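Heads up, the thing below is written out as structure tokens.
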Amino acid sequence: MIDVPGTLSSGQVFLWRHVGVFWYVIDGQNILKVDDTGVIDATRTITDFFRCGDDIDRMHESFAQDPLLTELIHRYEGLRITNQNLFQCVISFIVSANSNIPRIRRNLQDICHRFGDKTAYDDIAFCLFPTPAVLAGTDTHHIRECGVGYRAQHIQGASAAIRDGLCDGIDRMSYKEAQGTLCEMPGVGRKVADCILLFSCGHLEAVPLDRWIIRVMHEHYGIGDGTTPHTTRQYDILHDDVRDRLGPYAGYAQQYLFKMARNNSEKPLKW
DNA sequence: CAGGTC
DNA sequence: ACTGG
């Protein structure tokens with residue numbers, strides 16, 4: 001059973017809306033209609049957005065020797081990793097760098113309202129996510145008006161790269177090969193690449209090392225020193241240690257730990 | 001200070 | 001270095 005609201009509000013998906021008993025998710029040019037069980041309809045092809053094929057029992061077994069993860073998979077039962085539209089995911093996490101989740105949501109909504117096609121579904125008005133060509137052809141001055149600041153240059157450059165085919169066939173690449181491809185885009189470093197690799201490319205060994213996870217890995221596992229790595233080499237060393245410790249479902253483990261860290265923080269979560 | 005990058 | 005909770 002999928003925990004739909006828990007998954008949508010876990011910092012991996014930003015463009016969703018709760019209307020009545022349904023959730024509507026903007027996923028590229030698609031609108032997904034979701035109820036408590038998962039995706040039930042869509043304006044385009046239905047995607048396996050909640051990765052229903054993942055072997056959750058097998059994941060539980062791989063966490064058996066880890067008391068913390070064993071507790072968290074019960075506390076947050078039904079929390080899933082999503083399988084998102086690649087381009088929207090790239091832009092989402094470029095926007096996320098050195099920002100906060102309420103602001104990321106606002107920035108992405110503004111991008112849809114200014115540059116995405118308007119449509120209606122179930123008599124509700126929606127704006128789709130713009131295509132790579134549209135954002136690539138937009139002056140950075142106008143992208144900046146969405147509140148993204150200096151990230152506007154990165155958004156335009158990454159959009160042009162994807163429009164020109166940089167990421168074609170990325171689903172057939174290995175983790176490292178896909179990472180190298182993604183990191184060619186401006187605004188995409190190791191952490192943002194790991195988000196894309198996990199949430200769009202299905203690489204469950206990808207572990208986005210953000211401030212929260214870095215802190216948790218230090219405090220609960222004694223891995224790293226709790227500070228953000230500032231070179232790719234530092235990031236890679238830490239990533240290897242973290243992945244070795246969390247196992248083949250490290251990406252899932254990361255999402256449970258991220259949820260725990262944020263829920264335990266002093267500040268009430270705003271979204 | 002915020003799901004980092006150049 | 002942008003930006004706002």
Side-chain angles (χ1 to χ4, degrees), chain A residues 6-16 76 79 81-82 84 88-111 114 139-161 179-200 203 206-219 224 226-239 242 246 250-271:
Chain A
T7 299
L8 293 180
S9 62
S10 68
Q12 37 175 334
V13 197
F14 302 100
L15 292 176
W16 48 268
Y76 304 128
L79 175 61
I81 294 295
T82 58
Q84 306 177 32
Q88 182 176 325
C89 191
V90 168
I91 302 303
S92 295
F93 287 98
I94 286 175
V95 166
S96 80
N98 196 31
S99 188
N100 55 75
I101 291 174
R103 182 184 167 198
I104 297 162
R105 283 172 59 87
R106 241 195 0 266
N107 293 164
L108 293 172
Q109 281 167 22
D110 285 354
I111 287 173
R114 280 175 177 273
D139 193 88
T140 56
H141 176 262
H142 294 302
I143 298 177
R144 201 177 258 267
E145 288 171 2
C146 296
V148 297
Y150 59 87
R151 301 169 193 82
Q153 292 277 8
H154 301 159
I155 291 169
Q156 192 201 43
S159 298
Q179 177 185 69
T181 301
L182 292 168
C183 288
E184 287 184 40
M185 292 186 281
V188 180
R190 283 292 201 270
K191 187 271 171 183
V192 168
D194 268 332
C195 290
I196 300 161
L197 289 161
L198 181 58
F199 303 137
S200 280
H203 285 288
V207 181
L209 298 179
D210 75 310
R211 306 168 191 260
W212 295 97
I213 294 301
I214 287 163
R215 210 174 304 161
V216 168
M217 292 313 298
H218 173 63
E219 291 175 0
T227 66
T228 304
H230 277 79
T231 68
T232 58
R233 170 154 178 77
Q234 279 180 302
Y235 187 100
D236 288 344
I237 292 169
L238 185 57
H239 190 279
V242 169
L246 300 180
Y252 268 94
Q254 171 273 153
Q255 205 61 32
Y256 283 93
L257 294 168
F258 181 74
K259 189 115 180 168
M260 175 195 73
R262 286 182 56 81
N263 285 352
N264 289 347
S265 77
E266 298 297 322
K267 288 181 266 184
L269 303 179
K270 294 173 194 168
W271 48 28

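To find a chain, count down the sequence lines: A is the first, B the second, and so on, and within it residues start at 1. This is a predicted model, so every value here is computed, not measured.
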- Message: Heavy atoms from C-beta onward define the side chain here; which of C:dG5, B:dG3, C:dC2 lies closest to that of A:Y150?
- Response: C:dC2

- Could you check how far CG of A:L182 sits from C1' of B:dG4, rounded to whole Å? 15 Å

- Please report, rounded to the nearest Å, how far the C1' atom of C:dC2 is from the CD1 atom of A:I94. 15 Å

- Item | Under-4.0 Å side-chain N/O to phosphate OP1/OP2 contact, A:R151 with C:dA1 | no

- Message: So if I take every side-chain heavy atom of A:I213 and compare against C:dG4, B:dA2, B:dG3, which nucleotide ends up nearest?
- Response: B:dG3

- Query: Nearest-Å distance, CD1 (A:I81) to C1' (B:dG3)?
  - Reply: 13 Å

- Query: What is the distance from CD of A:Q234 to P of B:dG4, rounded to the nearest Å?
  - Reply: 16 Å

- Task: Choose from C:dG4, B:dG3, C:dC2 the nucleotide whose nearest atom is closest to any side-chain atom of A:R262.
- Result: B:dG3

- Test salt bridge (Lys or Arg N to Asp or Glu O under 4.0 Å) on A:D236 and A:R190 and set out the steps. CA-CA 8 Å; A:D236 288 344; A:R190 283 292 201 270; 2.8 Å; yes

- If each of A:R103 and A:R190 is mapped to the nucleotide of DNA chain B with the nearest heavy atom, which maps nearer the 5' terminus, i.e. the 5' end? A:R103

- Query: Are A:R211 and B:dG4 close enough that a side-chain N or O sits under 4.0 Å from OP1 or OP2?
  - Reply: yes

- Query: Does a donor on one side chain sit under 3.5 Å from an acceptor on the other, for A:Q12 and A:T82?
  - Reply: yes

- Decide yes or no, distance alone: a donor-acceptor N/O pair under 3.5 angstrom between the base of C:dC2 and the side-chain of A:R144. no

- Task: Tell which nucleotide pairs with C:dC2, taking only Watson-Crick or G-U wobble pairs whose two distances are both under 3.5 angstrom.
- Result: none

- Value rounded to 0.5 Å, distance of CG in A:D110 from CD in A:E145: 10.5 Å

- Task: Would you mind reading off the distance between A:D194 atom CG and B:dT5 atom C1', rounded to a whole angstrom?
- Result: 14 Å

- Message: Counting the atoms with a prime plus P, OP1 and OP2 as sugar-phosphate, which does A:Q153 contact under 4.0 Å by heavy atoms, base, sugar-phosphate, or nothing?
- Response: nothing

- Under 4.0 angstrom between A:R106 side-chain N/O and B:dA2 OP1 or OP2: no

- Query: Any side-chain donor-acceptor pair under 3.5 Å between A:N100 and A:R105?
  - Reply: no

- A:Q179 CD to B:dT5 P: how many Å, rounded? 11 Å

- Give a yes/no verdict on base stacking between B:dG3 and A:F93: centres under 5.5 Å, planes within less than 30° of parallel. no

- Message: Closest approach to the side chain of A:A97, judged atom by atom: which nucleotide of B:dA2, B:dG4, C:dG5 is it?
- Response: B:dG4

- Message: Which is more 5' along DNA chain B, the nucleotide nearest A:G187 or the one nearest A:S99? Just name the residue.
- Response: A:S99

- Note on the structure: To the nearest angstrom, the CG-C1' distance between A:N107 and C:dC2 comes to 10 Å

- Rounded distance [0.5 Å steps], CG in A:L246 versus CD1 in A:I213: 8.5 Å

- Item | Counterpart base for B:dG3, defined by Watson-Crick or G-U wobble contacts under 3.5 Å | none

- Task: Please state how far atom CG in A:L209 lies from atom C1' in B:dG4, giving the value in whole angstrom units.
- Result: 12 Å

- Query: Under 30°, 30 to 60°, or over 60°: which ring-plane class applies to A:H239 and A:Y235, parallel, tilted or perpendicular?
  - Reply: parallel

